Amino acid sequence: MQIFKFGGASLKDAQGIERVGTIIKQYQNEHLVIVVSAMGKTTNALEWVYRYYIENSIQKYEALQEIKTFHFNILNSLFKQTDNVFQEVQTWFNKLEQKINTTPSSNIDFEYDQIVSYGELISSKIVEHYLRSAGIVLTWWDIRRLLITDANYKEASVLFDKSTPKINQCFQTKGIHLCQGFIGGTEMGDSTTLGREGSDYTAAALAYMLNANAVTIWKDVPGVLNADPRIIPEAVKLDKITYKEAIELAYYGAQVIHPKTIKPLQNKNIPLWVKPFLAPQEAGTVVQNLNEKIALPPIFIYKYHQVLISIMPKDFSFIAENNISLIFSYLAKHKIKVNLMQQSAVSFSICVDYDERKLNAFLQAMKNQFDVLYNTDLTLITIRHYTDEAIKKVIGNNKIIIKEISRKTARLVVK
């Protein structure tokens with residue numbers, strides 16, 4: 001068994017979906033599970049629908065219509081008007097419109113999952129119908145009924161003990177199976193999401209539960225690169241890396257692999273391939289256990305829209321364990337992930353992603369017991385396997401706010 005995952009960039013237009021069909025045809029006699037994301041930038045677009053819905057803004061209808069037009073343009077390119085897929089996709093949009101006509105509950109993360117999850121459902125239906133029209137026999141599954149999660153909406157955790165029997169019952173039959181990434185469902189039947197870019201994690205979780213031979217993530221890049229070529233044009237492909245290195249890169253913010261993806265694969269030694277969608281015959285990058293040591297070039301990871309928060313006790317006391325414990329309890333309460341931290345005698349500084357709602361709530365809570373300063377619009381640059389030359393290259397004319405260097409990793413917060 002193999003698991004294939006196709007992301008939004010692969011499914012952004014009719015040509016992309018046709019290319020998926022070309023790839024799948026080469027495997028139509030094998031045991032294959034296909035995991036698909038929402039098409040193009042649909043998740044981002046649905047997030048605007050969600051925001052307007054929470055704000056009770058009439059703009060939610062315009063935003064929804066743009067998403068609908070995008071999908072029906074793809075349908076018109078792939079199918080005849082008489083095909084059933086038009087009605088099936090329209091049904092999903094009807095349900096979504098019914099949802100945004102209701103009054104939001106007080107749990108806005110719950111509401112986020114009920115709206116944003118439609119992107120994957122609609123995408124998978126379109127892909128299903130196209131593959132069938134291309135002569136590929138397959139079974140479509142609603143993963144929300146099989147991948148059971150907790151109720152931590154917007155960042156749900158998979159309940160493997162409850163999911164594994166369901167997944168095995170449905171996917172063990174040899175053939176081609178198609179489902180959605182990024183989403184799951186509670187035992188009560190409510191939709192959940194696994195965190196942004198969570199489709200990679202869906203593929204890894206399925207591979208773990210099904211003891212798959214391999215996972216392949218099809219991307220719009222040649223494989224795992226040592227930098228974003230839009231930032232560093234001379235970026236090079238890494239032919240192979242270890243699970244440990246992949247976890248490090250994902251943790252620091254590399255966009256190619258979702259942070260949670262590696263653990264279930266490493267636990268069962270399932271190789272992960274990152275292959276180029278536009279050139280499926282090329283080798284790509286493999287992530288697996290490696291006995292030999294491999295020399296890696298400097299690997300550059302950029303995280304934009306960062307906020308540096310400096311927290312100081314009001315009584316000018318030292319930053320001690322009790323202060324740090326209190327700070328992290330607030331971070332956990334407001335679901336804020338720390339990307340970098342630095343401590344001095346009377347100050348504790350953290351670098352986090354900018355999220356206006358979470359940031360304002362956190363700062364307000366902290367100001368009751370601490371003096372708080374913060375800077376926005378910063379960039380966090382991480383260099384794995386750094387060299388002095390690599391550090392000089394990224395600094396350029398940037399103003400350095402924080403600089404941290406360990407054995408293998410240099411991290412810079414710059415303005």
Side-chain angles (χ1 to χ4, degrees), residues 200 204 221 223-229 231-232 234-267 269 271-272 274 285-304 306-311 318-321 324-325 327-328 331 336-345 347-353 378-415:
D200 291 357
V221 292
V224 178
L225 306 180
N226 77 319
D228 186 334
I231 303 170
I232 301 178
E234 62 272 23
V236 297
K237 180 173 72 74
L238 310 175
D239 293 331
K240 51 188 176 181
I241 56 175
T242 63
Y243 291 119
K244 181 177 182 298
E245 185 65 33
I247 289 173
E248 294 280 7
L249 298 182
Y251 173 78
Y252 290 129
Q255 295 297 305
V256 175
I257 303 170
H258 188 272
K260 296 188 292 188
T261 299
I262 302 301
K263 185 178 184 297
L265 301 178
Q266 190 274 337
N267 286 353
N269 198 23
L272 169 67
V274 179
T285 301
V286 63
V287 182
Q288 61 184 3
N289 280 329
L290 297 170
N291 295 322
E292 79 273 21
K293 286 189 176 182
I294 53 175
L296 292 172
I299 302 173
F300 303 88
I301 302 166
Y302 285 72
K303 286 182 74 73
Y304 296 103
Q306 297 294 290
V307 183
L308 182 65
I309 306 171
S310 295
I311 303 163
F318 289 122
I319 286 287
E321 286 76 8
I324 295 174
S325 175
I327 292 168
F328 272 91
L331 289 167
I336 295 176
K337 175 182 176 292
V338 176
N339 296 325
L340 177 144
M341 66 186 82
Q342 190 174 79
Q343 179 182 345
S344 70
S347 174
F348 188 73
S349 297
I350 56 174
C351 188
V352 303
D353 296 335
L378 303 177
T379 299
L380 173 59
I381 306 172
T382 301
I383 312 172
R384 286 280 293 167
H385 313 287
Y386 66 88
T387 62
D388 291 340
E389 181 182 353
I391 293 175
K392 290 177 183 176
K393 180 176 183 176
V394 301
I395 290 175
N397 297 322
N398 293 316
K399 179 183 177 182
I400 301 176
I401 310 297
I402 289 181
K403 183 177 181 180
E404 279 190 358
I405 295 182
S406 62
R407 287 188 183 92
K408 290 186 177 182
T409 307
R411 310 197 76 198
L412 310 164
V413 178
V414 302
K415 181 70 175 179

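Fair warning: this is a prediction, and the values are worked out from it, not measured in the lab.
- For E321, the CD atom counts as loosely surrounded, since its 6.0 Å shell holds 12 or fewer non-hydrogen atoms of other residues, nucleotides or ligands.
- Around the NZ atom of K263, the shell of radius 6.0 Å holds no more than 12 heavy atoms that belong to other residues, nucleotides or ligands.
- The shortest heavy-atom contact between P297 and H385 is O-CB, 3.9 Å.
- By the 4.5 Å heavy-atom criterion applied to side chains, K237 and D239 are counted as neighbours.
- Salt bridge R384/E245: present, at least one basic N to carboxylate O contact under 4.0 Å.
- How far OG of S349 is from CG of L308: 5.0 Å, rounded to the nearest 0.5 Å.
- At least one side-chain heavy atom of L380 sits under 4.5 Å from a side-chain heavy atom of L340.
- Using modelled atom types, no side-chain atom of N226 and backbone atom of A235 make a donor-acceptor pair closer than 3.5 Å.
- Other residues, nucleotides and ligands contribute more than 12 heavy atoms inside 6.0 Å of the NZ atom of K415.
- For the pair I232 and E234, the minimum side-chain heavy-atom distance is below 4.5 Å.
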Side chain to side chain contact (heavy atoms under 4.5 Å, CB included), that's the test. Do Q306 and N339 meet it? Break it down for me.
CA-CA 9 Å; Q306 297 294 290; N339 296 325; 2.8 Å; yes
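- Using modelled atom types, no side-chain atom of Y302 and backbone atom of I231 make a donor-acceptor pair closer than 3.5 Å.
- Look at E389 and K393 and you find no salt bridge, because none of the NZ, NE, NH1 or NH2 atoms lies under 4.0 Å from a carboxylate O.
- Rounding to the nearest 0.5 angstrom, the gap separating the OG atom in S406 from the CZ atom in R411 is 9.0 Å.
- Side-chain contact between T242 and V287 is absent, with no heavy-atom pair separated by less than 4.5 Å.
- Across every non-hydrogen atom of Y386 and A410, the tightest pair is CD2-N, 3.5 Å.
- A donor-acceptor contact shorter than 3.5 Å is absent between the side chain of N269 and the backbone of Q266.
- Under the side chain to side chain contact (heavy atoms under 4.5 Å, CB included) rule, I301 has a single partner from I383, D228, T382, which is T382.
- Listed by chain and residue number, Y243, P271, V286, L290 satisfy the side-chain contact (heavy atoms from CB on, under 4.5 Å) test with Q288 (two or more places apart in sequence, or in another chain).
- Counting heavy atoms from C-beta outward, L249 and I247 have side chains that stay 4.5 Å or more apart.
- Note that NZ of K240 and CG of N289 are 13.0 Å apart. Values are rounded to the nearest 0.5 Å.
- Residues forming a side-chain hydrogen bond (donor to acceptor under 3.5 Å, both in side chains) with S344 (at least two apart in sequence, or on another chain): none.
- Salt bridge status for D353 with K337: absent, with no side-chain N to carboxylate O gap under 4.0 Å.
- Within a 6.0 Å radius of CG in D388, no more than 12 heavy atoms belonging to other residues, nucleotides or ligands are found.
- Within the 4.5 Å cutoff, the side chain of L272 has heavy atoms near those of the I257 side chain.
- No donor-acceptor pair under 3.5 Å is formed between the side chain of T285 and the backbone N or O of G223.
- In this structure, CG on L412 lies 11.0 Å from CD1 on I401, to the nearest 0.5 angstrom.
- Taken from CG in N267 to CG in L265, the straight-line distance is 8.5 Å, to the nearest 0.5 Å.
- Contact detail for I402 and I400: the closest heavy-atom pair is O-CG2, 3.6 Å.
- Side-chain contact between L296 and L238 is present, with heavy atoms from C-beta onward closer than 4.5 Å.
- At a threshold of 4.5 Å between non-hydrogen side-chain atoms, the residues L331 and V338 count as touching.
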